[in-house]
Amino acid sequence: MKRIYLDTALLAMPNYAIDADTGQELIDRIIHFSELADPGVPLKLIISNDAEDMLWGNNLGPDYDQIDQFLELMELKHIYSANDLLQRYQFLFQHCARAADVNLIEVDGVTNFVSYPELPEVSPAQLLDETQRVFATAAALAIVQQQVRVGSAFYASPSSHYNVRATLNTICGAGSHLLEPPPVDIQATVSTFTHLRDLVSSDVADELWRVAETAHDIHFSITLGALALQVEAGEGVNISVLNKFAIGSEFVHSLKQVECWGNNRYSGAARELCSQIVAGKCNRQINPFSLTGQHVRSFDGARAWRTHLTNSGLGLRLMYWQGENGIEFATVDVKSGERIDIGSEAPAAALDIRGCFG
């Protein structure tokens, strides 16, 4: 599951906005992050344990009066409701994980912070130290192989990757022993995140497949890979044209049986083939499942299909159903034992995250 550590400065109100355009960009970003914080989306959004104390202690807490005054100042009250936005902020505070609960390392004190390129000037200025602390934490986590992206508070930043160097003076967390005792100098690259589109790449899709724990994780990986195929074809991200799809009840189990799960040797091929089918960009021959006539599923009329996943070695085949409800990935099996799982009326995962790409 991909982890996003929100910069506390992003949640401040007022924030970097200086006019209606930047104000609207800030609000839209908060709305987007609140959508991604929904428990049904396979991302883990993280905020500081002290986020509320930090914000309200600096008179920057996003309460109703602050939000209402901000909308009035930015002349955006005809577009947004202060009460609706307050609920978005509250949803974020309630549904984001807390750093101490999920981060192996949490940096409390940092000095000698340098990044290349330089971090953009972030408003409010009184949270600059907090922004540096979040970036230093992300850098420390990268060193111990717990990658997080920083949910950015930067407006229209031209860069999404920052090489961070810092001295960590105070470190806590269950993995703090994985670094040298403080003070310790670290250096690592930190990537930022502003929108779900930032994750659209084949590399990220493969990474998510390798660390997947659930059918929902696999579904998300396939979706990002299918969108990456659009980008690679020069088409731009358009989730609305992807084939609707689900993960069947036995699909994950079948992946584990034939080295298509985690870091196993056929995992990349399995993810890529599924993404190609969802994107409508599969160049492999797809045949009806069964030599004696295509199987039709009784409870929904879906038809069974099969295609080659590998041609050598185990000779793996991918089987799936397709009907009015879209595609349902059913089974991966070796050629000699090829079968398709019937599945159930309630598949293991059928995420609909199209609204998050709006």
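Here the structure is a predicted model, which means the values were calculated and not measured. The first residue of the sequence shown is numbered 1, and numbering continues consecutively from there.
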- Between T167 and N112, does any side-chain donor sit less than 3.5 Å from a side-chain acceptor? yes
- Query: Is E232 atom CD crowded by more than 12 heavy atoms from other residues, nucleotides or ligands, each under 6.0 Å away?
  - Reply: yes
- Message: What I want to find out is whether E106 reaches R133 closely enough, with some N-O distance under 4.0 Å, to be called a salt bridge.
- Response: yes
- Item | Rounded distance [0.5 Å steps], OH in Y80 versus CD in Q24 | 3.5 Å
- Message: What I want to find out is whether E235 reaches K281 closely enough, with some N-O distance under 4.0 Å, to be called a salt bridge.
- Response: yes
- Message: Does this structure show an ion pair linking D352 with K244, if we count only N-O contacts that are shorter than 4.0 Å?
- Response: no
- Closest approach of H216 and L351, non-hydrogen atoms and distance? CD2-CD2, 3.2 Å
- Query: OG/S81 to CD1/I67 distance, rounded to the nearest 0.5 angstrom?
  - Reply: 9.5 Å
- Is the Lys NZ or Arg CZ of R271 less than 6.0 Å from the centre of W209's six-membered ring, within 45° of the axis? no
- Report yes or no: do N263 and S267 form a side-chain donor-acceptor pair below 3.5 Å? no
- Message: When you compare the side chains of D341 and T331, does any donor N or O come within less than 3.5 Å of an acceptor on the partner?
- Response: no
- Task: Heavy atoms only: give me the nearest A82-Y64 pair and the separation to one decimal.
- Result: CB-CE1, 3.6 Å
- If you draw a 6.0 Å radius around CD in E75, do more than 12 non-hydrogen atoms from other residues or ligands fall strictly inside? no
- Query: Of the non-hydrogen atoms in L309 and L273, which two are nearest, and what is the gap between them?
  - Reply: CA-CD2, 3.8 Å
- Query: Within the distance-only criterion (no hydrogens, no angle test), does the side chain of Q66 pair as donor or acceptor with the backbone N or O of P14 below 3.5 angstrom?
  - Reply: no
- Rounded distance [0.5 Å steps], CG in L168 versus CD in E180: 11.5 Å
- Write out all pairs satisfying salt bridge (charged side-chain N to carboxylate O under 4.0 Å, His left out) with one or both partners inside residues 19-29, taking only residues at least two apart or from two chains. E25-R29
- Query: In terms of side-chain geometry, is the basic nitrogen of E272 or R284 positioned less than 4.0 Å from the acidic oxygen of its partner?
  - Reply: no
- Using the six-membered ring wherever Trp is involved, compare the ring planes of Y320 and F329 and label them parallel, tilted or perpendicular (cut-offs 30° and 60°). perpendicular
- May I ask you to decide whether D101 forms a salt bridge with R98, counting only side-chain N to carboxylate O separations under 4.0 Å? no
- Message: Main chain of V332, side chain of S254: is a donor-acceptor contact present, judged purely on distance under 3.5 Å?
- Response: yes
- Note on the structure: Residue set satisfying side chain to side chain donor-acceptor pair (under 3.5 Å) with D63, at least two apart, ordered chain then number -> none
- Query: Considering residues, nucleotides and ligands other than F93, do more than 12 of their heavy atoms fall under 6.0 Å from its CZ?
  - Reply: yes
- Message: I'd like to know if the side chain of T307 and the backbone of L318 have a donor-acceptor N/O pair within less than 3.5 Å.
- Response: no
